[in-house]
Amino acid sequence: MNAVIDLLINLLSFLWNIAKLLIPIMVIIEIFKDTKLIDKITSIFRPVTNFFTLSEKAGVALLFGMFFGLTIGAGAILQSVKDYDVDKRSVFLVIMFVSLCHAVFEDSFIMAAVGANIAQLLLARFGAAILLTFLLSRFIKKTDDSLKINE
Amino acid sequence: MITTDTFKRGFKNGIVTMIELSKILIPVYIAVQLLSISGIINIIAKFFHPAMSLFGLPGEASLVILLGYFLGTYAALGAMAAFELSAVQVTTIAIMISIAHSLFTESAVVRKLGLSTTASIVARLFFSVLMGFLHFRIFG
């Protein structure tokens, strides 16, 4: 019985940890949109999105995933697909990048706290993510099918 | 222009996305916990024991890495604290589990986007192993 209660408590704290990041970030995204900051971020990220041959608005999802984690990144991607019709190819490439390289601050500081070399860690993650996304972006042809997420 | 409506919309989007993600996160989380409680993860850890020498790691490290792959970074860190490891070994493990962790939970998130979870898992495991191996060869 105690095990079940523990599991439920852990589950709730797990969900709470996501919610307390996700909700503020969704608010931040709305603020970005209303102040046209999203256009600025999009243009700063243009060299990156160009390099990976992504659609422009995918840069925002890439940024959020990279800094805030895969779950948050996925939330941002779901939202950007709804808002901007980001194509499926871009979503796939962003997810592959973010799969290897997400929550870089949070993860890296925790790892550094237990004695890992932070420079080597970041180099390995960014190196792997950039290499993978670059290769995939050259192998996957651009098509018109946009991702529809309908529940 | 930022109005109260901006905050309301953000909050609402947050809740809606949270519910969408929870539909998948909750069942997966419970399943992985059951896998852990039933001891199946321990059997797997024994099996992978010899492979660890490729990364210059002691056998116990397989448990740390598997905990990372299955349960997540925090579980792996908890296990890592129990073993004597050098700075290079800690970094090797950190690289491997930073690239690939919480594979069931996080792949469920990828699935939510309508994408192949296989591609994500294969890429993460491949680069986890590759980067761990390279790190050991270069710095070990």
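Here is the naming used below: chain letters follow the sequence lines, and residue numbers restart at 1 for every chain.
- Atoms OG1 and CD, from B:T17 and A:Q79 in turn, are 5.5 Å apart once rounded to the nearest 0.5 Å.
- Here A:L100 is the residue among A:L8, A:L100, A:L7, A:T35 with the most heavy-atom pairs under 4.5 Å with chain B.
- Side chain of A:S90 to main chain of A:V86: no donor-acceptor pair is present (N/O by atom type, distance under 3.5 Å, no hydrogens or angles).
- Of the two parts of B:A119, the backbone and the side chain both hold a non-hydrogen atom closer than 4.5 Å to a non-hydrogen atom of chain A.
- Side chain of A:R89 to backbone of A:S55: no donor-acceptor contact under 3.5 angstrom is found.
- Ring-plane geometry between A:F51 and A:F134 is classed as parallel, the angle between the planes falling under 30 degrees on a 0 to 90 degree scale with a further cut at 60.
- Proximity to chain A (any heavy atom under 4.5 Å) is restricted, for B:F127, to the side chain, taken from C-beta onward.
- For A:Q120, the parts lying under 4.5 angstrom from a heavy atom of chain B are both the backbone and the side chain.
- Of the atoms belonging to A:I95, it is side-chain heavy atoms, and not backbone ones, that fall under 4.5 Å from chain B.
- Residues B:S102 and B:Y69 bring no donor and acceptor atom of their side chains to less than 3.5 Å of each other.
- Atoms OG1 and CG, on A:T53 and A:L93 in that order, are 6.0 Å from each other to the nearest 0.5 Å.
- Proximity to chain A (any heavy atom under 4.5 Å) is restricted, for B:T73, to the side chain, taken from C-beta onward.
- Between the side chain of B:S53 and the backbone N or O of B:G56, no donor-acceptor pair lies under 3.5 Å.
- Residue B:F139 touches chain A through its side chain alone, counting heavy-atom pairs closer than 4.5 Å.
- The side chain to side chain contact (heavy atoms under 4.5 Å, CB included) search around B:T3 returns B:D5, B:T6, not counting sequence neighbours.
- Counting heavy-atom pairs under 4.5 Å between each of B:M131, B:H135, B:R124, B:M80 and chain A puts B:R124 at the top.
- To the nearest 0.5 angstrom, B:N13 atom CG is 14.5 Å from B:M18 atom CE.
- Among A:A103, A:C101, A:G127, A:S99, the residue with the largest count of heavy-atom pairs under 4.5 Å with chain B is A:S99.
- Considering only heavy-atom pairs separated by less than 4.5 Å from chain B, the leading option among A:I28, A:L121, A:V98 is A:L121.
- For B:I26, the parts sitting under 4.5 Å from any heavy atom of chain A are the backbone and the side chain alike.
- Looking at B:I99, the atoms closer than 4.5 Å to chain A (heavy atoms on both sides) sit in the backbone and in the side chain alike.
- Per-residue counts of heavy-atom pairs under 4.5 Å with chain B were compared for A:S108, A:A116, A:G75; the largest is that of A:A116.
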